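The structure under discussion appears below in the form of structure tokens.
Because the structure is a prediction, the values reported are computed rather than measured.
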Amino acid sequence: MWKSLGPLRLSQWEKEVLELWRHEKTFEASLARRQGAPTFTFYEGPPSANGKPGIHHVFARTLKDLVCRYKTMRGYFVPRRAGWDTHGLPVELAVEKELGIRKSDIGTRISIADYNRACREAVMRYKNAWNELTERMGYWIDLSNPYITFESSYIESVWWLLKGLYEKGLLYKDYTIQPYSPAAGTALSQHELNLPGAYRSVEDPSITVQFRSQRDPQLYFLAWTTTPWTLPSNAALAVHPELDYAEIETFQPYTREPIRVVLAEGAISRYFSHEELPFTAEAIDRRTGKLPWRLIRRIKGRNIVNERYEPLFRYVEPKGDAWRIIPADFVTLEEGTGIVHIAPTFGADDLKAARKHGIPPILVQDDQGTLTPLVDKEGRFVPHVTDFAGRYVKNYTNDPDYKPVDEDIAQNLRQRGLLFRKEVYRHNYPHCWRTDKPVLYYPVEAWFIRTSALREKLVALNRTIEWYPPAIGEGRFGNWLEHVEDWNLSRSRFWGIPLPIWRTRDGKYERCIGSFAELQEAVEEARHKGLMPHNPLDRPDFDPHRPYVDEIILAAPDGSPMYREPDVIDVWFDSGAMPYAQQHYPFENQGVFWAQFPADFIAEGIDQTRGWFYTLHAIAVALFDTVAYRRVLVNGLVLDKEGNKMSKRLGNVIEPEELMEKYGADPTRWYLVSNAPPWENVRFDESRLAEKVRTFFGTLHNAYEFFALYARIDGYRPQPLPPLESLPPIDQWVLSETEKLTAEVTSAYESYFPTQAARLIEEFVIEKLSNWYIRLNRRRFWKGEKDADKWAAFTILRDVLGRVAQLMAPIAPFYSELLWRHLNFSDSVHLSDFPQENPALRRPDLEAAMDKVRRLASLLHSLRKRSGLRVRQPLPQALVPASYRSWLEPLSDLLLQELNLKAITYLDDHSEAVVYELRPNYRTLGPRLGARVSALASYLRQLSQKEILNAIHQGFIQWEGETFPLSDLEIRAQALAGWLHASEGELTVALDTRLSSELEAEGWARELIHCIQLSRKEAGLEVTDRISLSVFLPDPYRSALQKYEPLIAQETLATQIAWYDAPPSEPNTVFLDTVPLHIDISLAYEHT
RNA sequence: GGGCCUGUAGCUCAGGUGGUUAGAGCGCUACACUGAUAAUGUAGAGGUCCGUGGUUCGAAUCCACGCAGGCCCA
């Protein structure tokens, strides 16, 4: 019992604890114990195991784990099931890279079946690393039976959800302009554009071009663009109807020909010099390139609408009324000319405006007869764009010799006198998060979820979710929901859940399938109609992935074949479907599902706001008219200590495994939790983690070792707490503080603020338990008598340490477990019930009094320091105002002992020594007196001590004809005249430093004891070893110390003391005051 | 350009509902303590509480406008 653990080796102990948990199946037991109890449902957001886990995962998982552990200890049944997110672009791109293929090779150089097989294998590549980390960090979750998004049952549930949406009319097909990555060969979701780092500052050519008016060949409309490659697709120009435009006379900057141009009046200064400058072609400002000009007329935007112009390029004849000016509200003066070039095939706003005003997109027919835009899906101009056919619009192939086609277009326009200005423009532009290439806005056919129709419900139900912190729910997430657009579900990829929608070629018939059984039946029908040779669903191991599902042809009501829509769905839908699909709802587990839906709690990083938080919410609202989670704790990013994002590129990534190996999982968890509130970014500083080990874990461990050392020596056995009244005040105090801590920590956990819990525990352990309770009670543990007082001290210390173990268990599951078990409490701290505050043990008055005593001790220490008298020298008395007596007297022994004082003297209020100060009570007088309160303050300040004492005795003070009772004032003993004194806040104390010869002698005795202790230590003796002692000390010291011989013997465990009459010949190394002395120590063999 | 968050000592952070002299830990310096000793105590140095206005008797705290940084979106 009370085994010493030796010096702190957390990392090693943690591995032993893991072994213990494995062996004892503690996690399983913690669940089994709560079977039948109320369920606290937690959903694990599935990570993708195709990359290694990082420190930010440890952060999120610590928060998840601690809440689940806490709730378990509070008596809830908290099932926790791991999951894996397995589909999606990251996996596909990694596989492409490995196989050295591009998207266009899939289905040609490699079969889709082989490719998807490779994805399936790749996606679980780091599963072991994840599992190891999960276990090592002490994250308790069921890893043995995870939900996996590629499993058929999971997919079947997703199909069921999709069909639900389809039947509600929430799933539809449309064309829109989507961010599209030619290099990845896929449309990107908004989620993907939202990924950190997607928006980058890049330089593009920005050109201002001249569109020649059809009405007036000398007149040009100036428009500005940063994407010259879209100019061949120009179909219209947009102006703001309410803006003022100007027609002005100027010169073509390259040809110097006089021309007339139209642009917004507010944009003139951007292109033209002051009007006063001479109007000649030579007057071009050399420095700024600005041109001379003359105003011809002003005109409102709405009055230019419907003007027609000549296109810059005429590769295609549009099927409709293109090349005219339309009004649009999004036109601003911020940049450019106030006239906006509209390419409906390459801009979302452009398409919207074009549709509104009947502008046709610029499209051509490809070899298959389908209409396509002027840039193909690889990012190249189609052959119809004769001047630039086959050219990539951006460098999508990493061609080192790539020539920007934008430059050539500008050159082409310049030669034709249509280029007005060319500049370099720096702006933020989205990039494909995997290929690093700029995104193209591209017309794509896609399936959408009509989330915009659910806006109000999404917003209303979100208001019922408890967000930690609330601001994210109201602000970031709430605002997003209020402006939510339809969710583009389609991905033209391979490794994902296939859209279960079949269509005839002409789009006349379509069918959404909601289960395997339904599909099987439909195939059966098609088989009877001769469309399918066999039914693949007849095989029990039917794989619903591509390409197998693509081979299925269904029969339309008119007997024509229906083919599957080729897209797979956005992988975010997979994870958002997790509440249902993990249970294979509704095909199985209906009871379990409803028992665990919605979740009581989820926790993820802030980057999931538009990710998982959204998809969970959207699906639940769309299909179940409810929230998917009731509470969500959001964590911030983990940055490096300079505040930079961790990235492989910067080489500042922290490997969690190394960290836990070096310091342990507990300190890592503790540091992440205690450093800052979860939702703020953590600046990860390894040296602070090391500090946490030393200060908190080190101190706590020292406290345990201290207890264990003496409990072992004395053979202490656990026993019940003695009656409160029998205990000294310091015991009552520490018990009271423990209960207070319990209450406060509980409330911190309850409000999902573990940072506060950790900080409270730290402060208690370091300040209250270690630096005060143990420090002041050391003697009780090692004193000779084994009396009730000693047993009480052991019992209290053990109980308090046990309580600390329980309170910290959710955050630091390992050390708390060790502590708990070594203190011989029950089997596992994690199987214990979370402690509840026992109000019967609370003594708030004592807590407040002790707080003041500690501050007095600190003041007295500073006085000692000022006096130059070391603590070994006893001093006659400390002096305090008499009013302190009520709270100080019961605790005065502590002060006497800590400061080595003989007495505390209470100075009478009438005593001249106490100097009082009066101040207004601002809280009460402030509102009443207003500005006069400061006048009162200065009046009170100049009062004499006599007047103040008078006022105190009378119980009121008069000022400007008004009477103020003492309750309107604050009385402070500010100083103790005539003594060495110190004050802090409302406390004041003085120290009597007069030394009698007796006190001086006692001081010498203490000094000698100190010297002997040093020698003991030097001699390497055990703390329990008895010694025999020989000392040489000259007079008057020796004679003065005679009286203290028993004390010296007792303190140093000397069985006898012999005094040398003359100094031995060996050199002295020890001094008492300044007097050399000599000490010889030898081990005493006869024990007393 | 918009939304949200953050800004307090060299560093990491506390500072309900406005209240008197703004705190802690770490780090630094010095001294002390020594039956927890790779621990502990005391003291010192270190602050334009991001800025500017406003409300108020009184603002780190409330309001407005800025500035800087972060995240997200245009």
Exercise. Under a 3.5 Å cut-off for both distances, is B:U37 Watson-Crick or wobble paired, and to whom?
Worked result: none
Exercise. Who are the side-chain hydrogen bond (donor to acceptor under 3.5 Å, both in side chains) partners of A:Y922, not counting sequence neighbours?
Worked result: none
Exercise. Hey, does A:R694 reach any base, or is it just sugar-phosphate, or nothing, if we go heavy atoms under 4.0 Å?
Worked result: sugar-phosphate
Exercise. In terms of side-chain heavy atoms of A:R688, which of B:C13, B:U34, B:U12 is nearest?
Worked result: B:U12
Problem set entry | Base partner of B:U17, which must satisfy Watson-Crick or wobble distances under 3.5 Å | none
Exercise. Taking a pair as Watson-Crick or G-U wobble with both distances under 3.5 Å, which nucleotide is matched to B:C4?
Worked result: B:G70
For this session: Compare every heavy atom of A:T988 with every heavy atom of A:L856, then report the nearest pair and how far apart it is.
Result: CD2-O, 4.2 Å
Interface polar pairs with nucleotides 40-44 of chain B, N/O, under 3.5 angstrom:
residue : atom : partner : partner atom : Å
B:U40   : O3'  : A:N771  : ND2          : 3.4
B:G41   : OP1  : A:N771  : ND2          : 2.8

Seminar exercise, completed: Mate of B:G44 across any strand shown (Watson-Crick or G-U wobble, both atom pairs under 3.5 Å) is B:C28
Exercise. How are the rings of A:Y614 and A:W487 set relative to one another: parallel (under 30°), tilted (30 to 60°) or perpendicular (over 60°)?
Worked result: tilted
Problem set entry | Residues in side chain to side chain contact (heavy atoms under 4.5 Å, CB included) contact with A:H56, at least two apart in sequence or another chain | A:V638
Problem set entry | From B:C13, B:C33, B:A39, nucleotide with atom closest to A:N675 side chain | B:C13
Problem set entry | For B:A9, the Watson-Crick or wobble partner whose two distances fall under 3.5 Å | none
Which protein N or O atoms sit under 3.5 Å from an N or O of nucleotides 2-6 of chain B?
residue : atom : partner : partner atom : Å
B:G3    : O3'  : A:N479  : ND2          : 3.4
B:G3    : O2'  : A:N479  : ND2          : 2.3

For this session: List for me each residue that meets side-chain hydrogen bond (donor to acceptor under 3.5 Å, both in side chains) alongside A:Q12, sequence neighbours excluded, and say none if there are none.
Result: A:R9, A:E16
Review item, side-chain donor-acceptor pairs of residues 672-680 of chain A, under 3.5 Å, at least two apart:
residue : atom : partner : partner atom : Å
A:S674  : OG   : A:W670  : O            : 2.8

